[in-house]
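Scroll down for the structure; my scribbles are underneath it.
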Amino acid sequence: WLLTPTLLAGKVGFQFLNFGGSLVAKGLSKFTGTETLSELSNFMLALSALNKDFRQRAQQVKDLLQSKQTSFVLVTSPQRERLKETVEFHRLLAAQEKQIAAVVVNRVHVAPPEAAWLAAARLPEILRKSMEDTLKEGQGVAEEDERAVQLLKDACRPTPIVQIPRLESDVHDLQGLYEASRYFVEG
């Protein structure tokens with residue numbers, strides 16, 4: 001649809017090249033060469049065929065997205081800006097009566113484990129203070145993420161919310177995907 005007006009104009013505009021005796025074609029061929037005009041004409045006609053195929057595929061995608069068998073999985077992070085976008089997109093899909101299978105909240109910070117606090121308490125004074133400050137900061141970020149996820153749960157009811165904690169490394173291979181997948185099964 002985007003290229004249709006251009007391609008139609010191109011098809012009409014290059015039809016004059018099909019007439020070997022055209023004065024315009026003869027004039028242009030002096031500056032660009034007959035071969036260049038012929039190649040340009042062939043290119044525009046080939047693009048027209050591609051446009052038709054593109055429109056057919058676009059219609060197939062549209063039909064698939066509108067199918068009752070299609071469900072959407074929204075993926076977000078616990079950052080406030082992303083949550084607002086996710087809630088709005090969820091509302092839009094729900095208003096259009098689309099199936100929403102789940103909302104995945106990725107990279108959720110988890111609170112430091114009790115063992116970390118106990119280990120920090122056994123450190124020498126100079127290190128303990130620094131470690132406890134780091135643990136408090138981690139605790140604060142985890143609590144903020146927890147509040148954000150709760151807001152998302154409230155706004156997107158009854159859609160299931162799946163949380164994936166912030167992993168040690170990004171998911172970029174099958175091993176990482178396997179590691180992340182267990183949260184879908186457990187969630």
Side-chain angles (χ1 to χ4, degrees), residues 1-3 49-124 127-187:
W1 58 268
L2 182 62
L3 294 175
L50 285 176
N51 185 37
K52 181 181 176 189
D53 291 343
F54 178 77
R55 281 187 297 199
Q56 288 172 340
R57 284 191 298 273
Q59 184 62 47
Q60 290 170 342
V61 169
K62 182 179 177 184
D63 293 344
L64 179 65
L65 290 175
Q66 292 178 343
S67 168
K68 292 293 182 190
Q69 296 174 334
T70 300
S71 291
F72 293 84
V73 176
L74 308 181
V75 180
T76 189
S77 71
Q79 297 171 337
R80 296 270 181 193
E81 309 82 47
R82 300 292 80 80
L83 292 177
K84 289 179 183 177
E85 293 169 358
T86 303
V87 168
E88 180 59 26
F89 192 47
H90 184 277
R91 186 196 62 72
L92 181 68
L93 289 172
Q96 293 178 9
E97 299 179 357
K98 303 293 184 203
Q99 291 285 98
I100 307 169
V103 176
V104 176
V105 186
N106 194 18
R107 297 182 178 182
V108 176
H109 293 87
V110 294
E114 185 65 30
W117 291 96
L118 294 173
R122 292 190 300 270
L123 291 173
L127 294 175
R128 184 176 69 231
K129 174 78 170 110
S130 178
M131 181 58 84
E132 286 176 345
D133 287 346
T134 301
L135 291 172
K136 287 177 186 174
E137 185 178 322
Q139 182 72 33
V141 172
E143 289 171 359
E144 187 176 319
D145 283 2
E146 188 177 320
R147 285 190 296 273
V149 170
Q150 187 58 51
L151 288 171
L152 190 63
K153 286 180 180 180
D154 294 342
C156 296
R157 270 188 222 289
T159 304
I161 307 293
V162 177
Q163 295 181 58
I164 298 181
R166 185 174 199 86
L167 302 174
E168 290 182 27
S169 62
D170 286 338
V171 176
H172 61 275
D173 58 11
L174 290 176
Q175 180 61 37
L177 188 58
Y178 175 75
E179 176 73 18
S181 71
R182 69 185 177 129
Y183 296 102
F184 286 101
V185 175
E186 292 173 6

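Because the structure is a prediction, the values reported are computed rather than measured. Just so you know, these numbers use all the heavy atoms, side chains as well, and skip hydrogens, waters and symmetry mates.
Smallest separation of non-hydrogen atoms from N106 and P78: O-CD, 3.2 Å. Among all heavy-atom pairs drawn from T159 and A102, the shortest one is CG2-CA, 3.7 Å. Considering all non-hydrogen atoms of both residues, S77 and L83 come closest at O-CD2, 3.5 Å. Scanning both residues, A101 and S71, for their nearest heavy atoms gives CB-CB, 3.9 Å. Closest non-hydrogen pair, D145 versus R107, comes out as OD2-O, 4.1 Å.
Side-chain contact between Q163 and K153: present, with at least one pair of heavy atoms (C-beta onward) separated by less than 4.5 Å. Side-chain contact check for V103 versus L152: some heavy-atom pair is nearer than 4.5 Å. At least one side-chain heavy atom of Y183 sits under 4.5 Å from a side-chain heavy atom of L167. Using a 4.5 Å heavy-atom threshold, the side chains of V104 and T76 count as separate. The closest side-chain heavy-atom distance from L118 to R122 is below 4.5 Å. Under the 4.5 Å side-chain criterion, counting only non-hydrogen atoms from C-beta, H90 is in contact with I100. Here the side chains of Q139 and P112 are in contact, with some heavy-atom distance below 4.5 Å. Under the 4.5 Å side-chain criterion, counting only non-hydrogen atoms from C-beta, T70 is not in contact with K98.
Heavy atoms of other residues, nucleotides or ligands lying less than 6.0 angstrom from CD of E137 number 12 at most. The neighbour count for E97 CD, taken as heavy atoms of other residues, nucleotides or ligands under 6.0 Å away, does not exceed 12. Heavy atoms of other residues, nucleotides or ligands lying less than 6.0 angstrom from CD of E168 number 12 at most. Counting non-hydrogen atoms of neighbouring residues, nucleotides and ligands closer than 6.0 angstrom, the CZ atom of F72 exceeds 12 such neighbours. Residue L174 qualifies as open at atom CG: its count of foreign heavy atoms under 6.0 Å is 12 or below. The environment of E146 atom CD is sparse: at most 12 non-hydrogen atoms of other residues, nucleotides or ligands sit within 6.0 angstrom.
Distance check, rounded to the nearest 0.5 Å: NE2 of H172 to CD of Q175 gives 10.5 Å. Rounding to the nearest 0.5 angstrom, the gap separating the CG atom in L135 from the CZ atom in R128 is 12.5 Å.
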Given Q69 and L64, is the side chain to side chain contact (heavy atoms under 4.5 Å, CB included) satisfied, shown in steps?
-> CA-CA 8 Å; Q69 296 174 334; L64 179 65; over 6 Å; no
Apply the test side chain to side chain contact (heavy atoms under 4.5 Å, CB included) to residues V105 and I164: give CA-CA distance (whole Å), side-chain angles for both, the deciding distance (0.1 Å), then the verdict.
-> CA-CA 6 Å; V105 186; I164 298 181; over 6 Å; no
Take K136 and W117 through the side chain to side chain contact (heavy atoms under 4.5 Å, CB included) test and state the conclusion after the steps.
-> CA-CA 10 Å; K136 287 177 186 174; W117 291 96; 3.7 Å; yes
Go through the steps to decide whether L74 and L93 satisfy the test side chain to side chain contact (heavy atoms under 4.5 Å, CB included), and finish with yes or no.
-> CA-CA 10 Å; L74 308 181; L93 289 172; 3.8 Å; yes
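The pair E132-K129 fails the salt-bridge criterion, with no side-chain N (NZ, NE, NH1 or NH2) lying under 4.0 Å from an Asp/Glu carboxylate O. A salt bridge is defined here as a Lys NZ or Arg NE, NH1 or NH2 lying under 4.0 Å from an Asp or Glu carboxylate O, and E85 with R82 meets this definition.
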